[in-house]
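Shown next, in structure tokens, is the structure this report addresses.
Per chain, numbering begins at 1; letters A, B, ... match sequence-line order.
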Protein chains: 2
Amino acid sequence: MADESGGHPGRTVGAVISPRRERTRGRLLDAAFDVFARHGVQAASIEAVCEAAGFTRGAFYSNFASKEELFLALTERQIRAQLTALEVATSDVQPAEVGTRDGIREAVRGIIASVLPDPAAAQSWSVMALEFELLALRDPQIAARYAEQQVRLRDELVGVLERLVGSIGLRFAVDPRTAVDLLLGAFETGQRTALLAGADDDRASVLIEALVDLLVTPA
Amino acid sequence: MADESGGHPGRTVGAVISPRRERTRGRLLDAAFDVFARHGVQAASIEAVCEAAGFTRGAFYSNFASKEELFLALTERQIRAQLTALEVATSDVQPAEVGTRDGIREAVRGIIASVLPDPAAAQSWSVMALEFELLALRDPQIAARYAEQQVRLRDELVGVLERLVGSIGLRFAVDPRTAVDLLLGAFETGQRTALLAGADDDRASVLIEALVDLLVTPA
DNA sequence: TGTATCCGATACAGCAATGTATCGTAGGCG
DNA sequence: CGCCTACGATACATTGCTGTATCGGATACA
């Protein structure tokens, strides 16, 4: 608590983070993603994460103060990846291709989907998102962090989607922020439903398409 | 695994469950709800649950074989309560009172809200729902159980809402099942957002009202 | 009131994970 | 090429939880 220098628990006092250290942290984060997804953040032992990463706990405690801190570093990396993916997906869409109503549906779904990257990893990803929400529901400090990330992401999405829809002379039937919340909610719900039902009937796409039809109207 | 008689781990072989036993189980379930909500299912020790219930672990192992079984009993109790609450909420609504568009919004929101009972316990409830989803995402057996409960609840909701909307000469703009999925998704998302943002700005209501306006159209 | 049985308490052995203190070495710098 | 520091490995003490085996008191029934 008396350490205000940025949060490294290790003995590093100087400013720079060595490349070696960076690699170690990366491997620990990768391993943590797998292990947390498989066993749950709380159930996963630090030991298990280290083993999966090919280290011993010595490495861990040299890089992170606690499992919680490791998890937060992980979410930080995730949100960065999401925002980057969003940018890429946005730049991929050519307004010219979005003329039809089908085009709009497809484009919006693509944009939304871009923030939930690889479908193969959808399961792990959903799990991590849920774990994050759970921790946040219990710990106000984590809640603040979670809220901040959500706001960043949603603001970004509001901008992107409004621009996209507007560029072809349409608009949202409701407050854009509400529209985004509805879309994201529908997507997450649909995805989880599909995952839990076992069947990959892509409930998410169904919901998104229905919603887009309802939400997007002539200006 | 060789026990097909219903699942009591204790020494009870006879058919009847004594009142005493029933009370003990009830207190254990109440305590489990609190402790699980506060610390998480995985992080919570059996010991902690017993202490909260005013028992020792002897009582626990006499009633449940494992923490997982306790949790499943808890969800079973919850779903029953939800379905009951839903019936009550439905019978409370008089079609005559739903004539206006505001009336519809209010009625639908009420119905939806009835399956997420006490707002004071909303936090704990959300936590438990998330925990359940997480366990289901990892364990196919639990997933099946989860899916079954969800289907029960949603089918019920589809029936109720379709009847409600139809009774005043309106209809859903999309497949009713899709409508229900969207509504529930919006509700959960909104509620969690509000909980995590700290502010009780009742985002859920905003989303629900917007959705109802979009979903409910003249027949 | 006496008795049999059910059920929760107690005691115990064992384990897995944690955090720290210390050590050895790899890698960057002169 | 050799030193020195950063960094990860190792060893150790501690802790809290688990599950079982056994015991004693409460409860129901005659």
Side-chain angles (χ1 to χ4, degrees), chain A residues 1-3 5-32 34-36 38-73, chain B residues 1-3 5-32 34-36 38-73:
Chain A
M1 296 297 175
D3 182 345
S5 73
H8 285 303
R11 301 143 224 180
T12 305
V13 185
V16 231
I17 304 137
S18 83
R20 183 191 183 191
R21 199 174 185 75
E22 199 57 44
R23 266 179 285 129
T24 303
R25 287 176 63 98
R27 279 171 59 192
L28 281 172
L29 289 175
D30 292 341
D34 282 351
V35 175
F36 286 170
R38 215 185 319 280
H39 303 293
V41 174
Q42 291 162 333
S45 68
I46 293 175
E47 178 89 48
V49 172
C50 294
E51 189 182 348
F55 290 108
T56 64
R57 278 177 308 131
F60 175 83
Y61 284 109
S62 170
N63 280 278
F64 302 95
S66 63
K67 196 164 63 175
E68 181 174 288
E69 193 177 299
L70 171 65
F71 181 75
L72 288 181
Chain B
M1 297 300 176
D3 183 347
S5 73
H8 285 303
R11 300 143 228 183
T12 304
V13 184
V16 234
I17 304 139
S18 81
R20 184 193 184 189
R21 200 173 183 76
E22 199 57 43
R23 265 179 284 130
T24 304
R25 286 177 63 98
R27 279 170 60 191
L28 280 171
L29 288 175
D30 292 342
D34 282 351
V35 175
F36 287 169
R38 216 186 318 281
H39 302 293
V41 174
Q42 291 161 331
S45 66
I46 293 174
E47 176 89 48
V49 172
C50 294
E51 188 182 348
F55 290 108
T56 65
R57 277 176 310 132
F60 174 82
Y61 283 109
S62 169
N63 279 278
F64 302 94
S66 64
K67 195 164 64 174
E68 181 174 287
E69 192 178 300
L70 170 65
F71 181 75
L72 289 181

Exercise. Could you walk me through whether B:F36 and B:K67 pass the side-chain contact (heavy atoms from CB on, under 4.5 Å) check?
Worked result: CA-CA 10 Å; B:F36 287 169; B:K67 195 164 64 174; 3.9 Å; yes
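- For the atom pair A:E51 CD and A:S45 OG, the distance stands at 8.5 Å (nearest 0.5 Å).
- Look at CZ on A:R25: it is 17 Å from P on D:dA6, rounded to the nearest Å.
- Here the side chain of A:R27 pairs a donor or acceptor atom with the backbone of A:A53 at under 3.5 angstrom.
- The side chain of B:S45 has D:dC17 as its nearest neighbour among C:dC7, D:dT20, D:dC17.
- A:R21 has its CZ atom 15 Å from the C1' atom of C:dG27, to the nearest Å.
- Here the nucleotide nearest the side chain of B:T56, chosen from C:dG8, C:dT18, C:dA9, is C:dA9.
- Residue order along DNA chain C, read from the 5' end via each residue's closest nucleotide, puts B:R20 first among B:R20 and B:R57.
- Rounded to whole Å, atom P of C:dG19 lies 12 Å from atom CD of A:E69.
- If you measure from atom CD of B:E22 to atom P of C:dG8, you get 11 Å, rounded to the nearest angstrom.
- Residue A:N63 has a polar side-chain atom (N or O) positioned under 4.0 Å from OP1 or OP2 of D:dG8.
- In summary, of the residues considered (A:T24, A:L70, A:V49), a side chain to side chain contact (heavy atoms under 4.5 Å, CB included) with A:F60 occurs for A:L70 alone.
- Nearest to the side-chain atoms of B:A59 among the listed nucleotides D:dT18, C:dT18, C:dA9 stands C:dA9.
- Nearest to the side-chain atoms of B:T24 among the listed nucleotides C:dG19, C:dG8, D:dG8 stands C:dG8.
- Rounded to a whole Å, the CD atom of A:E47 is 20 Å from the P atom of D:dT15.
- Phosphate proximity of D:dG8 to A:S62: present, with a side-chain N or O under 4.0 Å from OP1 or OP2.
- Contact between the side-chain N/O atoms of A:S18 and the OP1/OP2 oxygens of D:dC7 is found at a separation under 4.0 Å.
- Rounded to an integer number of Å, the gap from A:F60 CZ to C:dT20 P is 12 Å.
- One can place CD1 of A:I46 at 17 Å from P of C:dA16, the figure rounded to the nearest angstrom.
- Heavy-atom minimum distance, B:A44 versus B:V35: CB-CG1, 3.6 Å.
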